[in-house]
Amino acid sequence: MVEKVEKKNDIKTYDVIIIGAGPAGYTAAIYTARANLQTIMLAGDSPGGQLLLTSEVENYPGFKDGIMGPELMDEMKAQALRFGTEFRSDFVTKVELDGDIKKVWVGEEEYQAKTIIISTGASANWLNLKNEQRLMGKGISACATCDGFFFTGKHVVVAGGGDSAMEEALTLAKFASKVTIVHRRDEFRASKIMQKRVKDHEKIEIIWNSTIVDVIGENFVAGVRLKDTVSSEEKNFACEGLFVAIGHTPATKLFTDILDMTEKGYIVTEPSTATKIPGVFAAGDVADARYRQAITAAGEGCKAALEAEHFLQNI
Ligand code: NAP
């Protein structure tokens, strides 16, 4: 039987602190709170993670007609709260993970727990163009679901060749007059079904073997500058919006020099969700450069919760 709450210097010691609130974090919370473990989620300022940027989720089991990403996140949060999870929309600023009691800070405020589940996810990459930041929100976006409506009747460009780029293009095609996908190679890496939907869509065209080297526009995007990766020729291409969909970076800065990371900054977990520090687990996109699906993240969150519970039973 796990002891619930200890008081030390007036700081409550939780059984589990979950950092980050996407499918992995929420699922972990559902499991730990339901197992009667004192659980708090420190969720950051955009709880819900990448699914907030997704439109319809068609491949999450149990929703045969699909469900909107934000709605799925709301449901998961409500389910976690139902079992007594405490929830704060605060950013963790510092961690100290060694020792039996792990310490986590939100600014000056300290939280303590016997186990930590890291589920901070990953966020969108940008092209790092000269005028990209200046025109951010003025025609540049990484979220078609959030901003697609503003491009009704307009011509937009999508950068990328993975599933995200396909999804962005298909979402945008519901609003835009035309969508042009610019990809740096001559084939997509996206799944075949998404590629087919894009290639079959009458409003979507593809420019192969090209990179975007800058965005053009004074107060709003008026075009992009394209460079042919074969001939090195450059030309201006008129459009009224740019959606960047070129992959993600894991949110692991907090754990630099504390946990082992891959070359791309994903937390190394072995075996299962265990990090190199006993009692510290990582789940979801933060430790998964390969699958990055809501369902795999949820599965990992479940594993992390069960592994945290097992760890607590053995101390
Ligand atoms: P991704 O699979 O890593 O694809 C990134 C794309 O952006 C690649 O085509 C890459 O080109 C291109 N790219 C990267 N850096 C670039 C740069 N600096 N300039 C120009 N192009 C650049 O990332 P993702 O599309 O975000 O997908 C991530 C994971 O989530 C994948 O496993 C994907 O299957 C999954 N996902 C699934 C769904 C779904 O099932 N509904 C939806 C979204 C994402 P190269 O191909 O040349 O490397």
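When a ligand or atom number is given, it counts from 1 through the structure's own listing order. Residue indices begin at 1 and follow the sequence shown.
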Does Tyr266 reach the side chain of Val286, with side-chain heavy atoms less than 4.5 Å apart?
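The answer is no; the side chains never approach within 4.5 Å.
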Is there a side-chain contact between Thr39 and Ile18 (heavy atoms, below 4.5 Å)?
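A side-chain contact under 4.5 Å exists here.
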Only heavy atoms of [X], strictly under 4.0 Å: list the atoms of ligand 1 that pass.
X      : value
Gly247 : 5 (C), 23 (O), 26 (O)
His248 : 26 (O)
Glu167 : 41 (N), 42 (C)
Leu127 : 19 (N)
Gly161 : 6 (C), 7 (O), 8 (C), 9 (O)
Arg185 : 45 (P), 46 (O), 47 (O)

Polar side chain donor-acceptor pair, Asp228 to Ser210, under 3.5 angstrom:
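Ser210 and Asp228 do not have a side-chain donor-acceptor pair below 3.5 Å.
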Check step by step if side chain to side chain contact (heavy atoms under 4.5 Å, CB included) holds for Thr269 and Phe281.
CA-CA 8 Å; Thr269 51; Phe281 305 88; over 6 Å; no
Tell me, please, whether Phe220 has Lys154 positioned over its six-membered ring: NZ or CZ under 6.0 Å from the ring centre and within 45 degrees of its axis?
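The answer is yes; both the distance and angle limits are met.
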Find out whether the Lys NZ or Arg CZ of Lys12 is both under 6.0 angstrom from the six-membered ring centre of Tyr111 and within 45° of the ring's axis.
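Checked: cation-pi criterion not met.
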Keeping Glu309 on the side-chain end and Leu306 on the backbone end, is there a donor-acceptor pair under 3.5 Å?
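It does not hold such a pair.
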Which residue supplies the protein heavy atom nearest to [atom], what is that atom called, and how far is it?
atom                    : result
atom 29 (C) of ligand 1 : Arg292 NE, 3.5 Å
atom 32 (O) of ligand 1 : Arg290 O, 3.3 Å
atom 2 (O) of ligand 1  : Arg189 CD, 3.4 Å
atom 35 (C) of ligand 1 : Gln293 NE2, 3.2 Å
atom 17 (C) of ligand 1 : Arg184 NH1, 3.5 Å
atom 34 (O) of ligand 1 : Asp163 OD2, 2.5 Å
atom 25 (O) of ligand 1 : Ser164 N, 2.9 Å

Measure [X] to ligand 1 on non-hydrogen atoms and call it side chain, backbone, both or neither using the 4.0 Å cut-off.
X      : answer
Thr211 : neither
Glu58  : neither
Met166 : neither

Side-chain ion pair, Glu234 and Arg225, N-O less than 4.0 Å:
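Salt bridge: yes.
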Centroid separation Phe175 to Phe150 less than 6.0 Å
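No, the ring centres sit 6.0 Å or more apart.
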Taking the six-membered ring for Trp, are the ring centroids of Phe188 and Trp208 within less than 6.0 Å of each other?
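Centroid separation for Phe188 and Trp208: below 6.0 Å.
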Name the option, out of Ile246, Val213, Asp285, Asn59, that contains the heavy atom nearest to atom 21 (N) of ligand 1.
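Answer by nearest heavy atom: Ile246.
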Just do the side chain to side chain donor-acceptor pair (under 3.5 Å) check on Ser123 and His248 with the steps written out, would you?
CA-CA 5 Å; Ser123 59; His248 295 83; over 6 Å; no
Met194: heavy atom below 4.0 Å from ligand 1, yes or no?
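No, that is not the case, since the closest heavy atom of the residue is not under 4.0 Å from the ligand.
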